[in-house]
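No experiment lies behind these values; they were computed from the predicted model shown. Proteins come first, then strands; the chains are lettered A, B, ... in the order of their sequence lines, and each starts at number 1.
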Protein chains: 2
Amino acid sequence: MISSIAELISDRIGTMPAGERRAAQTLIASYPLIGLKTVAEFSAAAGVSSPTILRFVARLGFQNYPEFQSALQDELAAQLQSPASRTLNPPSPNGGAVSPMLEATLDNLRETFRHLSDKQLADIVAKLADRRGKTFLIGGRFTDPLARYMAAHLAIIQPNVFHLAGQESVWRDRLIDMGKRDVLVIFDIRRYQESLVRFAETAHQRGVQIVLFTDQWLSPIARFARHVIAGRTAVPSAWDSSAALFVVAETLIGAVTRQLEADGAKRIRELESLR
Amino acid sequence: MISSIAELISDRIGTMPAGERRAAQTLIASYPLIGLKTVAEFSAAAGVSSPTILRFVARLGFQNYPEFQSALQDELAAQLQSPASRTLNPPSPNGGAVSPMLEATLDNLRETFRHLSDKQLADIVAKLADRRGKTFLIGGRFTDPLARYMAAHLAIIQPNVFHLAGQESVWRDRLIDMGKRDVLVIFDIRRYQESLVRFAETAHQRGVQIVLFTDQWLSPIARFARHVIAGRTAVPSAWDSSAALFVVAETLIGAVTRQLEADGAKRIRELESLR
DNA sequence: GGAGCGCTGTACCGTATGTTACGTATTTTG
DNA sequence: CAAAATACGTAACATACGGTACAGCGCTCC
C-alpha cells in the first residue's frame with residue numbers, strides 16, 4: 001500500500017533514469033518543499049533541465065505539474081492537521097528490515113544517556129576544556145575512527161590535541177610526552193584489545209587522566225580510568241554498534257566548544273574571524 | 001516581535017477593510033495551504049475577487065504574490081525540519097543540558113530513516129555485496145572517520161576494500177585502479193570539499209558507481225552519484241552532527257554482512273572458524 | 001565495432017497567472 | 001443630506017510558467 005508521494009518515489013526510484021533520479025533525490029532530501037516551487041526552481045536545485053522534472057512527475061503518474069503540486073499540498077494539509085501522526089507514527093512507515101536496527105539504536109541512545117549524569121559530563125567537559133595540559137585520543141580496531149572524529153573537532157578549537165595512530169610501537173613512544181596534566185581519551189569496546197589495556201595502564205602510572213569510552217560490560221581499562229562512559233552497543237546485527245558512543249562524543253565536542261567560547265578563549269575568537 | 005506570517009495577520013486584521021478581512025480569515029482557517037495555491041483559488045475560497053487578495057498581501061508588506069508565497073514556504077520549511085516532536089515529546093527524563101543534543105539526534109535519526117526506503121538500501125547493499133569489483137571509501141575533513149569505520153568492517157567480510165587516506169595526490173593516483181565494476185563510497189557534508197568533488201567527477205567519468213553519504217542539502221557530488229543517502233545534521237551545537245550518517249553506515253554494514261552470509265560466501269565461513 | 005534505442009537538454013509555443021486600470025458601489029464626513 | 005473618499009469588482013494586459021517538438025548524445029546490445 002502506497003500512501004504518500006515520498007513512498008511512491010522511493011518505490012520507483014530504482015526504475016528511473018539518472019536525471020530523473022537526481023530530481024527524485026533532491027525532492028526527497030528536502031521534502032516536499034522543492035516540489036511546491038516552480039519547475040524552473042526545482043530543475044535548478046536538482047541540476048537538471050525542466051523537461052526532466054516534468055518527465056519525472058509524469059512517471060509518478062501525474063497528468064501535469066500542477067496536479068503533482070496539488071497532491072503534495074493535500075499531503076501537507078493532512079500532515080499539518082494531525083501533527084502527532086507525523087512524529088508518533090510508530091508502526092514504522094518503513095516496515096522493512098532496516099527498522100529493527102534503527103529502533104535498537106534509538107533505544108541504545110536513550111539508555112546510554114539515561115545512565116549518564118550531567119555532572120559526569122560536566123566534569124569531563126571541564127577536563128577537556130582545561131588547557132593546561134595536552135589531549136591524546138586513541139581507539140581500538142573499530143573505534144579508532146571515533147577517536148579520529150573527536151580529535152578532528154577538538155584539534156580545531158584548542159591546541160595540543162593529538163590522535164595516536166599507526167603501530168603500537170609508535171604510540172608507546174608518545175608516552176614520554178604524557179604527564180599529570182594531560183588527558184588520554186580511549187575508545188575500547190569488545191573484544192577489548194590487550195595492547196590498549198597495556199597502554200592505558202602505563203599512562204595511568206604516569207599520572208595521565210584517562211577518559212574511557214567503552215561498552216556496557218566495561219573494558220578492563222575502566223580500572224585505570226578517571227571517567228568512564230558506558231554506551232549500549234547491542235543491535236540486531238553481526239556487529240556491535242558504536243552509535244551511542246559516537247553521539248556521546250558529539251555531545252562532548254559541542255559542550256567543550258561552548259565551554260571554550262564561554263571562557264572567551266582567544267583561539268575561538270580568532271577562528272571566528274577567519275571564517 | 002512578530003515571527004510568523006500568521007501572527008502578522010492577526011496583528012493587522014483589525015485595520016483591514018471587510019473584503020481583505022475575509023481573505024485573512026480564510027487563510028488563517030486553513031493555514032497556510034490556501035496561500036500556496038493560485039490567487040484565483042484563494043479568492044474563490046474567500047469569496048472575494050482576485051485584486052482583493054493582492055491588496056491583502058500588499059497590506060502585509062509583500063511586494064507581490066510570489067514573494068508572499070515564498071515566505072509561507074520558508075516558514076513551512078522551518079516548521080518541517082524541526083519536527084513538532086521537540087515540543088510534543090515527553091519532557092525528557094534527564095532534564096539537563098545534554099538532552100537537547102540527544103533529542104535533536106533522535107529526531108535526526110528518525111527523519112533520516114523516514115526518507116530512506118528499504119528498496120534504496122537494498123540496492124546499495126546488493127552493490128556492496130557484489131564482489132565482482134572493488135570497494136573504495138573516502139570522506140571529508142570530519143567525515144573521513146566514518147569512511148574508516150565502514151572500511152574497517154567491510155574489509156573483514158570481503159576482499160578488495162580500500163580506504164583512501166592521506167594526501168589528495170595519493171588517492172588521485174588510485175583512480176587508475178578504478179573501473180565500471182567498482183564502487184566508491186564518499187562521505188561529504190557541508191562545507192563540501194572541492195577536492196572530493198573533483199575526485200568524484202573523475203571517478204564517475206571512469207564509470208565507477210558512487211554511493212554518497214551527504215547532508216540534507218546534498219553535496220554537489222550528488223550529480224555523479226548512483227545512490228544518495230541524505231542524513232539530517234542539524235543539532236544545537238556549533239558543529240553539524242554526523243550521527244545519522246553513522247547509523248546508516250552501521251545499518252549498511254550489518255545488512256551487507258547478512259547478505260554475504262546468505263550468499264554462503266566461503267570467506268564468512270572461514271572467518272567463523274577462526275573465531 | 002556498428003546500429004539502434006533511450007535519455008537528456010535546447011528552443012519554442014500557448015496559456016494560465018499575477019497584475020493593473022478604471023468604473024461602480026458603499027461608506028464616511030461636513 | 002450632499003459630496004468626497006474609500007473600497008471593491010470587472011475586464012484587459014503582460015509576463016512567466018508549464019508544456020512540447022526536436023536534435024544530440026551516450027549507452028546497450030548485436
Are Phe246(A) and Tyr149(A) an aromatic pair, judged by ring center distance below 6.0 Å? yes

The side chain of Ser49(A) lies closest to which of these nucleotides: dT17(C), dT10(C), dT19(C)? dT10(C)

Please check if the side chain of Thr202(B) supplies one atom and the backbone of Arg198(B) the other of a donor-acceptor pair under 3.5 Å. yes

Which of these nucleotides, dA7(D), dG19(D), dT19(C), is closest to any side-chain atom of Pro17(B)? dA7(D)

Between P on dC8(D) and CZ on Arg22(B), what's the gap in Å once rounded to a whole number? 10 Å

Against the six-membered ring of Phe199(B), is Arg172(B) placed for a cation-pi contact (under 6.0 Å from the centre, within 45° of the normal)? no

Reckon Thr52(B) has a side-chain N or O less than 4.0 Å from the OP1 or OP2 of dG9(D)? yes

Between dT19(C), dC17(D), dC8(D), which nucleotide gets closest to the side-chain atoms of Ala18(B)? dC8(D)

Taking the minimum atom-to-atom distance to the side chain of Val48(A), which one of dG9(C), dA7(D), dG18(C) wins? dG9(C)

Which nucleotide wins on minimum distance to the side chain of Arg55(A), given the candidates dG18(C), dG9(C), dG9(D)? dG9(C)

What is the distance, to the nearest angstrom, from the CZ atom on Phe42(A) to the P atom on dG9(C)? 13 Å

Tell me the interatomic distance from Glu67(B), atom CD, to dG18(C), atom C1', rounded to whole angstroms. 14 Å

What is the distance, to the nearest angstrom, from the NE2 atom on His204(B) to the P atom on dG26(D)? 11 Å

Just how far, in rounded Å, is C1' of dG18(C) from CZ of Phe56(B)? 16 Å

Whether the side chain of Lys134(B) engages the backbone of Asp177(B) through a donor-acceptor N/O pair (distance < 3.5 Å, no angle test) should be reported. yes

Take atom CG of Leu54(B) and atom C1' of dA21(C), then tell me their distance rounded to the nearest Å. 14 Å

Are the aromatic ring centres of Trp217(B) and Tyr192(B) under 6.0 angstrom apart? no

What's the CZ-P distance between Arg59(A) and dC7(C), to the nearest Å? 6 Å

Using atom CG of Leu36(B) as one end and atom P of dT17(C) as the other, report the distance to the nearest whole Å. 15 Å

If you only use heavy atoms from C-beta on, which nucleotide in dG18(D), dT17(C), dA11(D) is closest to the side chain of Thr38(B)? dT17(C)

